[in-house]
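Read the structure below first, then the notes.
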2 protein chains.
Amino acid sequence: MRSYGQFCPVARAVDVLGDRWTMLILRELLIRDSRYSDLRDALPGIATNLLAERLRQLESDGLVERVGLPRPASAAAYRLTDRGRAVEPVIHALAQWGAPLLSPGQGDDAFRSHWLRLAAPLLLDGTDLAQLEGLTVLVRTGDAPVLFVVEAGRLDVRPAPSPCSAEVEMSGEPSALLDFLRTGGGPGVTVTGAAEAVRAWRDVLARSRTPAG
Amino acid sequence: MRSYGQFCPVARAVDVLGDRWTMLILRELLIRDSRYSDLRDALPGIATNLLAERLRQLESDGLVERVGLPRPASAAAYRLTDRGRAVEPVIHALAQWGAPLLSPGQGDDAFRSHWLRLAAPLLLDGTDLAQLEGLTVLVRTGDAPVLFVVEAGRLDVRPAPSPCSAEVEMSGEPSALLDFLRTGGGPGVTVTGAAEAVRAWRDVLARSRTPAG
DNA sequence: CCGGATCCACTAGGATACTG
DNA sequence: CAGTATCCTAGTGGATCCGG
């Protein structure tokens, strides 16, 4: 991208981060280290040459590094450097601001379950997870099941192993499921498991909180 | 901008905010309500049709409103709506991350003094302004002088009236001045005024703080 | 199958001239 | 002053192909 040519911290940041796709590539690498094809799968519509060029640029800007083998080799992955990981507050602020834009529903948009790793803790921001310590929730939606684990007062989201047992199981369309995470109710989501754990989970989700965004 | 087509809060946010120039237009309107020509002056290099189109888009997205007269009239200005103002955390996060990118210096980049309204409080983040309550600093740099005022423990930056008297006066190149704000020292900045006030001001700036970015 | 490179059609952005 | 209209170029999207 052409520089804005402004001696201003915002402009200098956007010079580096403002290219098309760049922020979404960083989102992916914030969620997990990824191989080239992982990124391509998580970014439907990106042209392969663009992905390659963005990664090169991010590497030369010091936000991303290749881990594994040197340049001409396979099975390597991309990972954020410390400087790249420092973009996290920007991504989080964007996600907070963008959360209300999910309300119109999914439409024809793509969805990947691992995005919940970023979105779910955000949607639960302001809830009190202390009483759920240790709870596990298996979530079936999108392309692959994921496992919610409450630990240290935080919600962590990881790929679900198979087989996988959890105290609570939820399933439904991504759109319904995100509504459910925000409100603790709504149609289109099936919740099963031990009655007490289910009840505690729904209670926490239904608790009033600062509205996201 | 074409939508990324992803059911993800980050992607939906970038769908709206990710167009070229959009973030800088929002930065301007976060600093102050602006007329069309104010924006054009603060965004050197923007094509006038692009500025018009971005403003139209931001208006239809509900981030910006025209204030003053209805469509076919002059002397009107653009202002952020509440939803537009909610982008502030994103801009601040970008500015924090971008602050280290100022170190290479100004080069050929443009500078506008009013940008200090956003940048200066950020560069002083982590300092204790309580002991400077009420201090005024006249800053001469860039295209117009600005006045720093410490009140309610915060640093506020406003256009300097003329004539203007302040307890402390600083002047120098933008690059030197920003370094000075970060470190309390460095070459290229002239500081004058009552010795005690000058000393207190330098002391606070020199105090260690969380490094920006 | 992974990690790209190449080619081509298209669209968004940049520069400038012009108008109510 | 506040934009529109135009032309041109650079960046993007999509498909296909290639080497390890």
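First the proteins, then the strands, lettered A, B, ... as listed; each starts at 1.
Counting distance only, with no hydrogens placed and no angle test, the side-chain atoms of A:N49 and the base atoms of D:dT12 include no donor-acceptor pair under 3.5 Å. At a cut-off of 3.5 angstrom, the base of D:dA2 holds no donor-acceptor pair with the side chain of B:T48.
Closest to the side chain of A:R40, out of C:dT6, C:dG3, C:dG14, is C:dG3. Set against C:dG3, C:dG13, D:dT4, the side chain of A:S37 has C:dG3 as its closest nucleotide. Of the candidates D:dG13, C:dA5, C:dG14, D:dG13 carries the atom nearest the A:R20 side chain, counting heavy atoms from C-beta on. The B:R56 side chain lies nearest to D:dT4 when the options are D:dT12, C:dC2, D:dT4.
Rounded to an integer number of Å, the gap from CZ of B:R66 to P of D:dC1 is 17 Å. Between A:I46 atom CD1 and D:dG14 atom C1' the separation is 13 Å, expressed in whole Å. Nucleotide D:dA15 holds its P atom 14 Å from the CG atom of A:L50, rounded to whole Å. The CG-P distance, from B:D38 to D:dG3, rounds to 12 Å in whole Å. Atom CG in A:L55 sits roughly 14 Å away from atom C1' in C:dC2 (whole-Å rounding). Rounded to an integer number of Å, the gap from CD of B:E53 to P of D:dG3 is 14 Å. Distance B:L58 CG to D:dG3 P: 13 Å, rounded to the nearest Å. Atoms CG (B:L43) and P (C:dA15) sit 13 Å apart, rounded to a whole Å.
Judged by distance alone, the side chains of A:R66 and A:Y78 do bring a donor and an acceptor atom under 3.5 Å apart. With 3.5 Å as the limit, one finds no donor-acceptor pair spanning the side chains of A:Q6 and B:W115.
At the heavy-atom level, B:A47 lies under 4.0 Å from base atoms of the strands shown.
Put simply, A:Y4 has no side-chain N or O that comes within less than 4.0 Å of OP1 or OP2 on C:dG14. Considering only side-chain N and O atoms, B:R54 lies nowhere under 4.0 angstrom from the phosphate OP1 or OP2 of C:dG14. OP1 or OP2 of D:dG3 sits under 4.0 Å from a side-chain N or O of B:Y78. The phosphate of D:dG11 (OP1 or OP2) has no side-chain N or O of A:W21 nearer than 4.0 angstrom.
With hydrogens and angles ignored, the 3.5 Å screen pairs no side-chain donor or acceptor of A:T141 with any backbone N or O of A:V139. Under the 3.5 Å distance criterion, the side-chain polar atoms of A:S3 are matched with a main-chain donor or acceptor of A:G5.
Looking at A:R40 and A:D38, no side-chain N of the basic residue comes within less than 4.0 Å of a carboxylate O on the acidic one, giving no salt bridge.
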